[in-house]
Structures are given as structure tokens and as C-alpha cells.
Amino acid sequence: MTQAKTPAAFLARLCAVLCAVLLFFTACGQSAQQNGQAYSAATMAMDTLVTQEAYGPAAQDAMRQVNLALAAYEDRLSLYKEGSDIQRVNAAAGQGGAEVTPETAALLRQTLSLSAQSEGAFAASIAPLTLAWGITSDTPRIVPQAELDTLLPLVDDAAVVINGNHVTLPKQGMGFDLGGIAKGAACSIAAQIYEEHGVESAYINIGGNVYAKGTKPDGKPFRIGFADPDRPNGAYIATFSLTDAVVAVSGGYERYAEIDGQRYIHIIDPRTGKPAESDIRTVGVIREDGAEADFYSTTLFVWGKQRALQFMRQGGAAILLDKEGNLYVSESLRDSFVLNEEATGYTLHYVAAEGGNR
Ligand code: AMP
Ligand code: MG
């Protein structure tokens with residue numbers, strides 16, 4: 001997801017992107033725009049680019065706090081950070097578990113209760129599989145079936161025990177990987193910080209997971225671009241308005257590894273242990289709660305088109321592009337949804353909710 005831009009503004013955004021990448025994790029560029037009220041910031045967190053745009057006197061301070069909060073959040077939740085809550089819980093699997101911060105315990109509780117609704121498509125305890133495949137690492141590999149057979153029983157969200165802030169993974173070798181929910185949940189952390197600072201108008205993009213608070217000061221809503229998987233670097237298929245909600249996107253095209261000429265995507269089907277074979281190209285889910293949006297984007301991708309369309313007919317707001325170029329859009333988004341004229345070859349279908357939207 002990207003915020004839709006004019007060419008000049010797109011170039012400005014691109015500069016911010018390049019700066020952030022060059023300056024790496026320490027980068028935090030902030031610049032007041034001409035009217036003195038709009039501010040933007042770019043940094044790296046959770047292995048991805050984070051851009052913010054906020055308005056009003058408290059904007060800069062709020063964005064700084066957001067960047068600090070995201071760094072602390074990553075330190076707690078990353079599977080790859082030494083001493084993170086997640087690493088400690090994973091290391092203590094089968095050995096009595098470990099104590100985590102109340103925030104981590106709360107997110108794990110929420111994730112597990114969502115995961116229980118995924119019909120086996122989403123697993124917070126997917127780490128044994130994601131680590132074995134290493135799709136997002138420097139050393140991806142094809143995991144042989146015999147190894148998958150030993151790993152699959154370790155992916156078992158129902159077996160997790162959370163007692164207060166004590167989290168136990170009962171079997172050795174089990175492990176959490178919150179990559180499927182973390183960036184969306186982080187959007188809601190930003191939302192809370194904007195709120196606490198009295199910022200009424202703000203936008204944050206955490207690696208394609210976007211939250212927009214309120215409208216721009218001129219009363220116009222933030223316009224979000226639905227990224228075009230065939231034309232990377234900011235091109236979008238369509239735009240839509242987003243207000244006080246998060247849109248999270250999942251797709252096989254953004255993160256994958258190529259091994260022996262074949263593509264392996266980073267979303268794993270917990271039922272097979274292999275990269276998900278979905279008939280969905282990319283799917284965005286819009287929800288007030290960021291963790292929910294992110295959870296559903298991953299889940300809908302693994303579910304595949306038919307089950308995902310059922311979710312939309314049940315009132316879930318989503319934008320779904322299948323592998324044949326069909327673009328399914330929830331009726332609730334129709335008023336603000338605009339196809340990009342340059343993005344040809346897509347067939348647009350609106351999906352109505354049976355019995356109203358939620
Ligand atoms: P997303 O980009 O939100 O769809 O999340 C993908 C990330 O979630 C991967 O990089 C893994 O860290 C993790 N993941 C992969 N497959 C699953 C799954 N089936 N359930 C939960 N998390 C997953
Ligand atoms: Mg997700």
C-alpha cells in the first residue's frame with residue numbers, strides 16, 4: 001500500500017525512501033513543509049521502511065515517539081533480535097516457558113484468539129517452518145518432506161499456555177513468529193500515540209501496512225494506493241480513501257526466494273508446511289484494528305479466493321486481486337474506489353455484503 005501521490009510528491013517520497021535506506025536503521029529524516037503544519041518522517045523498523053506524515057503542532061513530537069515505540073516494539077517481538085520476548089519464549093520451549101512484558105502477553109493473546117478463527121490457515125507458532133525455509137533470510141532452502149513431517153507437529157497454537165505474563169510453548173522446538181501480524185499491530189500503536197498527542201491528522205506506512213487518522217487538514221481523506229504487483233516501485237492499480245483504519249496487504253510477490261529457478265513465497269501454509277499455493281495475487285484487508293487487518297490479510301491469502309470472497313460477503317472489507325486479473329472490491333469501499341487509468345487488464349467486481357457491512 002502506498003499513499004497516492006502526484007509525480008512531484010512521489011519523487012519527494014522516493015528521496016525520503018533513499019535517504020532512509022542509506023542512513024539505515026538510524027535514519028530519521030523530518031522536514032516541515034511549506035505551510036509549516038505538515039511534517040514527514042522516515043525511518044527503518046522491523047526490517048522495512050516506515051514513513052509518516054502528520055499535521056499540527058504536536059506532529060513532530062508524536063512522530064518521534066512513534067519511531068521510539070516501534071524500535072522498542074521490535075526489540076520485544078522480533079524473532080531475530082537477541083533477548084527479545086519472542087526469542088526468550090522460543091528458547092524456553094519445552095522447558096517451562098518464560099516471562100514476557102504485559103504488552104507482548106496481550107498481543108500473543110489477541111493473536112492466538114484470532115488464529116483460532118483462521119481454520120488452520122494462520123499460526124503464530126509458525127517459526128519452526130519459517131526458520132527452516134528461511135525465505136526472507138540470506139540462506140533459503142527447500143525443506144525436504146521428511147523434515148516437514150517432524151516440524152509440522154510443532155506448529156500448534158492450541159497448545160500454547162499463557163498465564164498472566166508467563167508464556168509456555170510446551171514442546172521443545174516450538175516457536176512464535178509474529179511476522180504475520182506485527183506490522184499491522186504496530187500501526188495501532190502509532191494510532192494510540194497520535195491520539196495521546198492530540199494529533200488529529202496523520203498517516204503511517206509500515207512496509208505496506210497503512211494507518212490513516214482523521215482527514216487531511218483541508219478535510220479531504222488520505223488516499224491510499226493499492227500496489228500493482230506487476231509494476232513495482234510505487235505504481236498502483238487503484239486508489240481509495242482510508243480514515244481511522246488500517247489496511248494490511250499480503251501477497252506472494254513482495255517477499256520470496258528463488259531456488260533453482262522456482263519462486264518460493266514467505267507465507268507458509270501451516271497445513272502442508274510449504275509456501276502457500278494461493279490463487280490470490282495480492283489481498284488488502286481494511287479494519288479499525290491493525291492486528292486484525294494484518295491477521296486477515298495473511299489468512300485470506302492462505303485461504304484462497306473462494307473462502308476470501310466468502311469473508312467479503314460476510315462484511316469483511318477487502319481488496320483482492322486474483323491470478324487471472326480479477327479485482328474484487330468490497331461494496332463498502334465503492335464510493336471512494338478509483339481504478340488507475342494506466343493499470344489496464346483488470347476486471348473489477350464489487351462484492352456486496354450479505355446483510356450489511358461491518
Ligand atoms: P504478511 O506479510 O502479513 O502476510 O505476513 C507474512 C509473514 O508472517 C511471514 O514473513 C512470516 O513471518 C509469517 N507467516 C508466514 N506464514 C504464516 C502463517 N500461515 N500464519 C502466520 N504467520 C505466517
Ligand atoms: Mg499479515
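Counting convention: from 1, in listed order, for ligands and their atoms alike.
Annotation for E342: atom CD does not count as buried by contact number, only 12 or fewer foreign heavy atoms lying within 6.0 Å. No more than 12 heavy-atom neighbours from other residues, nucleotides or ligands sit within 6.0 angstrom of CD on E200.
No side-chain donor-acceptor contact under 3.5 Å links K213 to the backbone of I204. The closest donor-acceptor contact from the side chain of N165 to the backbone of A105 lies at 3.5 Å or more, if one exists at all. Here the side chain of T347 pairs no donor or acceptor atom with the backbone of N326 at under 3.5 angstrom. Of the possible polar contacts, none joining the W133 side chain to the I267 backbone as a donor-acceptor pair under 3.5 Å is found. Y73 places a side-chain N or O within donor-acceptor distance of the main-chain N or O of A182, the cut-off being under 3.5 Å. One N or O on the side chain of H166 and one on the backbone of G96 form a donor-acceptor pair closer than 3.5 Å.
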Between ligand 1 and the protein, tabulate every N or O atom pair separated by less than 3.5 Å, reporting distance only.
{"from": "ligand 1", "atom 1": "3 (O)", "to": "D294", "atom 2": "OD1", "distance (Å)": "2.9"}
{"from": "ligand 1", "atom 1": "3 (O)", "to": "T298", "atom 2": "OG1", "distance (Å)": "3.0"}
{"from": "ligand 1", "atom 1": "4 (O)", "to": "S250", "atom 2": "OG", "distance (Å)": "2.6"}
{"from": "ligand 1", "atom 1": "4 (O)", "to": "T298", "atom 2": "OG1", "distance (Å)": "2.7"}
{"from": "ligand 1", "atom 1": "8 (O)", "to": "G180", "atom 2": "N", "distance (Å)": "2.9"}
{"from": "ligand 1", "atom 1": "10 (O)", "to": "H266", "atom 2": "ND1", "distance (Å)": "3.0"}
{"from": "ligand 1", "atom 1": "12 (O)", "to": "D177", "atom 2": "OD1", "distance (Å)": "3.1"}
{"from": "ligand 1", "atom 1": "12 (O)", "to": "D177", "atom 2": "OD2", "distance (Å)": "2.8"}
{"from": "ligand 1", "atom 1": "16 (N)", "to": "I268", "atom 2": "N", "distance (Å)": "2.9"}
{"from": "ligand 1", "atom 1": "19 (N)", "to": "A121", "atom 2": "O", "distance (Å)": "3.0"}
{"from": "ligand 1", "atom 1": "19 (N)", "to": "I268", "atom 2": "O", "distance (Å)": "2.7"}
{"from": "ligand 1", "atom 1": "20 (N)", "to": "A123", "atom 2": "N", "distance (Å)": "3.0"}

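Protein N/O/S atoms closer than 2.8 Å to the Mg ion (ligand 2): G180 O, D294 O, D294 OD1, T298 OG1.
The two residues V302 and A276 have their closest heavy-atom pair at CG2-CB, 4.3 Å.
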